[in-house]
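Here the structure comes first, spelled out in structure tokens, and everything after it is commentary.
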Amino acid sequence: MSARRPIPRWADVALLPAINLLMAFLVSGLVVLMIGENPFQAVQVIIYGAFGYGDGLGYTLYYATNFIFTGLAVAVAAHAGLFNIGGDGQAYVAGLGAIVVALALDQTHWLLAMPLAVLASAAVGGFWAFIPGYLQAKRGSHVVITTIMFNFIASALMVYMVNRVLKPASTMAPESETLDVAGRVPQLRQFLSFFGYSPVNLSIVLAVAALIGCYILIWHTKFGYAMRVLGANPTASRYAGISNSKMIMITMTISGALAGMVAINEVMGTQNRLVLDFVAGAGFVGIAVALMGRNHPIGILLAALLFGALYQGGQELQFVMPAVTKEMIVVIQALVILFTGAMEGLFRPSLERAFMLLSPEQKAEAIAVSTAKPES
Amino acid sequence: MDLASVLSILDATIRLSTPLLLACLAGLYSERAGLFDIGLEGKMLAAAFAAGAVAAITGSAWLGLLAGMAVSLSTALLQGVAAITLKGNQLIAGVAINMLAAGMTTFLGQTWFSQGGRTPALGEGGRFSPITLPFASELAGVPILGPIYSDLISGHYLLVYIAFIMVAVTAYVLYRTRFGLRLRAVGENPKAVDTAGISVVKLRYQAVIITGLLCGLAGAYFSIAQGSGFGNNMTAGKGYIALAALIFAKWKPVPAMFTCLLFGFLDALQIRLQSAQLFGIEVPVQAIQALPYILTVILLAGFIGKAVGPKAGGVPYTKER
């Protein structure tokens, strides 16, 4: 390895992602320009649509809720060195857990229905991620490939379940029975009229709790430590007496359970029934969110808000600029994943060089590092 | 079932397995060179759109094919820059490419053609027409062999024949040429290749280029051969099935052909079995749809033989200094 010229931590954590994000937005701006619209006006519309008024903000928070869950799911797995690309499928099948509990307890109270539905969704989502985890741990199959396959298996399974099992005989549309009372998670608009008609609901409290819970889990528990050791160096973790295979299975289950929380927000908080494809790619957005947020809960919160804003602002953009469809948001997402994830190394060398020029201490440190340890 | 209906299922099998086969062979080059490629879907989708759009504008299927291959190639190169030069995570690069293609094709399709993401329907010259092999009609009367030749073997699009020829070409290149030897070596042990004075980076880029071109063929097949124009998310996860097939075939060309035929057959069966019964039990169509994925998971788990990919797969190569 060549000597790394260290850059300050703040630059690594904040500046580099910011530059990469800026690149993603610049390229997106070019795409908007290419179809003959004004990118600056588009940005204005997005910002107003996402934050400018109660309904808009409510929608932003509602989308962000999903992305916090899927972002955390990707991040938790990433800390253990696993790439969980199956958040979509895990969230999707978790819908089964949510709908079964919600329908069964529909005549009781949401204070009973919601916690039980959370458990059920976590169990189903966790199970859907446990299998790839088990296969990776015990049989050595690559978790990325298996989770991709499980996304497709989930979607086939759910088409079957919705059409054949959950659909009441009286309806034609492929959807489950509609929830009436307790199966619904209370909407924030019931307490704050500010949010207008937006579907932001108490799931957001669950999301914040998940953020805090994951922070504690990853950095303040023995389990989290073992997880990070596994992620940093599987050999070291084995010699430290950690059971790698057990860690992989538990981590994947936690990851899937987190992804499963999307079902609470969607099935019980918004749609009030199980519909086809209710996850709508949130699992994949989670990858972008985790990458941008550097797998840290605070970063994930900010990234989820950003993507929530993009989603909501993007809807607004469609009304103002009909030429810009909502797929533009998918393009922006893809560019964010590309620049902050895959092409993360693009600006690092020049940034490192810039810091070398700017700061003498940095330079001294770099020289010390490169001379102290002979190259292997 | 009579011969005619068996033939029609087999005919559909060939048609449906062609794009899988092209994409599968495309992935084979990259993966054999040590690059995980989950971006097959995105490259195919981008190519399908480019081919459909250019064919619609120019009215020429050939120009469409060319455009499809060019776009797929540039997408592959972008992925290559991220994964090879910048040493980024290959899986994340693939995810990004897939999303980029899904977003861009619908977005540009809607902006340019205003038909809900579709390209205009293609006329005569805009798409490839089936090729009738020599003596097909003369031999049609011969019992059994006649219908097989004239219905099953003859009458496919050019790209179908190219796909199957590519199997032989790939097998030859991989096992009988110096390039193939190096390609396999770079996927197993790049350091050894580097030590021998051969550029790992160059070899991997060559693999990526071949992958791009083949994905271009596969994508074009969707929009300007099988279909008449591009439709929203036209490849519908076939890139992932191709990836599954590649694993299933253990990264070998001839088994890849048989796996793609099997998956194509399942697809054909699924279309035909919409509400059929098998041994008195109703088989949900979804179960057949999910079968390739389930089979891949089972294979990966090593229950029916072990699928071990190229050893250096997924790891960016860093030359030691």
Side-chain angles (χ1 to χ4, degrees), chain A residues 1-2 31 34-37 83 85 131-132 134-135 138-142 144-146 148-161 163-164 281 284-285 287-288 291 323-346 348 375-376, chain B residues 36 38 42 78-79 81-83 85-112 117 237 240-241 243-244 247 284-294 296-297 299-303 306-309 313-314 318 320-321:
Chain A
M1 286 288 287
S2 63
V31 175
M34 198 169 76
I35 58 159
E37 293 283 355
F83 186 23
I85 198 170
I131 308 170
Y134 171 84
L135 293 174
K138 299 285 184 186
R139 318 284 314 187
S141 27
H142 204 296
V144 170
I145 306 291
T146 4
I148 291 179
M149 299 301 148
F150 266 71
N151 279 342
F152 286 99
I153 299 172
S155 101
L157 173 73
M158 293 301 278
V159 171
Y160 177 77
M161 290 303 287
N163 275 310
R164 298 295 187 83
F284 289 96
V285 183
I287 299 168
L291 282 172
V324 182
T325 63
K326 67 173 189 294
E327 276 73 24
M328 188 61 218
I329 301 303
V330 180
V331 174
I332 297 177
Q333 256 177 59
L335 289 169
V336 170
I337 296 183
L338 190 69
F339 281 107
T340 59
M343 294 172 70
E344 202 237 7
L346 191 58
R348 189 180 283 279
E375 296 289 317
S376 57
Chain B
F36 279 149
I38 56 176
L78 177 65
Q79 207 182 339
V81 170
T85 308
L86 297 174
K87 304 190 175 96
N89 186 319
Q90 298 170 5
L91 300 163
I92 294 174
V95 172
I97 290 294
N98 288 345
M99 285 179 81
L100 194 60
M104 279 295 252
T105 51
T106 316
F107 175 61
L108 289 180
Q110 174 61 26
T111 315
W112 288 344
Y240 294 106
I241 299 238
L243 185 70
I247 296 165
V285 181
Q286 290 82 19
I288 300 174
Q289 281 168 342
L291 205 53
Y293 306 113
I294 296 172
T296 306
V297 171
L299 182 92
L300 272 175
F303 292 118
K306 194 103 180 121
V308 180
T318 309
E320 279 181 306
R321 265 174 284 171

Locate the shortest heavy-atom distance separating [X] from [Y]; write the atom from each residue and the value.
X      : Y      : answer
B/M104 : A/V331 : N-CG2, 3.5 Å
A/A334 : B/A96  : CB-O, 3.6 Å
A/M149 : B/A244 : CE-CB, 3.6 Å
B/L300 : A/S141 : O-CB, 3.3 Å

Checklist line | Validation row: A/Y160, B/V285 side chains within 4.5 angstrom (heavy atoms) | finding: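 Not in contact.
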Check: Got B/F107 and A/V324 here, is their nearest side-chain heavy-atom distance under 4.5 Å?
Finding: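 Yes, their side chains come closer than 4.5 Å.
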Measure the spacing between [atom1] of [X] and [atom2] of [Y] and express it to the nearest 0.5 Å.
X      : Y      : atom1 : atom2 : value
B/L86  : A/R348 : CG    : CZ    : 12.0 Å
B/M99  : A/L338 : CE    : CG    : 11.0 Å
B/T111 : A/M328 : OG1   : CE    : 9.5 Å
B/L78  : A/M343 : CG    : CE    : 5.5 Å
B/Q110 : A/I35  : CD    : CD1   : 10.0 Å
B/Q286 : A/S155 : CD    : OG    : 9.0 Å

Next item on the list: Between chain B and each of A/I332, A/I329, A/I145, A/L157, count heavy-atom pairs under 4.5 Å; write down the option with the most.
Entry: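 Sorted descending by pairs with chain B, the first entry is A/I145.
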Notebook entry, point to check: Which of the residues A/L135, A/L291, A/I337 is involved in the greatest number of heavy-atom pairs with chain B at under 4.5 angstrom?
Noted result: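 Among the listed options, the one with the most contacts to chain B is A/I337.
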Checklist line | Full working for side chain to side chain contact (heavy atoms under 4.5 Å, CB included) between B/I38 and A/I85 | finding: CA-CA 11 Å; B/I38 56 176; A/I85 198 170; 3.9 Å; yes
Can you say whether [X] sits under 4.5 Å from chain B via the side chain, the backbone, both, or neither, judging by heavy atoms?
X      : answer
A/I287 : side chain
A/V336 : neither
A/F83  : side chain
A/F150 : side chain

Check: Relative to each other, are the rings of B/Y240 and A/F152 parallel, tilted or perpendicular (30° and 60° limits)?
Finding: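 Tilted, since the angle between the ring planes falls between 30° and 60°.
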Notebook entry, point to check: Who among B/A290, B/G103, B/G88, B/A101 has the most heavy-atom pairs with chain A under 4.5 Å?
Noted result: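 It is B/G103.
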Note to self: For chain A, which candidate among B/V81, B/N89, B/L91 shows the most heavy-atom pairs at distances under 4.5 Å?
What the structure shows: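 Greatest number of close heavy-atom pairs with chain A: B/L91.
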Please look at [X] and chain A and tell me whether the side chain, the backbone, both or neither of the residue comes under 4.5 angstrom of a heavy atom of that chain.
X      : result
B/L299 : neither
B/I247 : side chain
B/I241 : neither

Next item on the list: Start with the C-alpha distance between B/Y293 and A/N151, add both sets of side-chain angles, then the distance that settles side chain to side chain contact (heavy atoms under 4.5 Å, CB included), and finish with yes or no.
Entry: CA-CA 9 Å; B/Y293 306 113; A/N151 279 342; over 6 Å; no
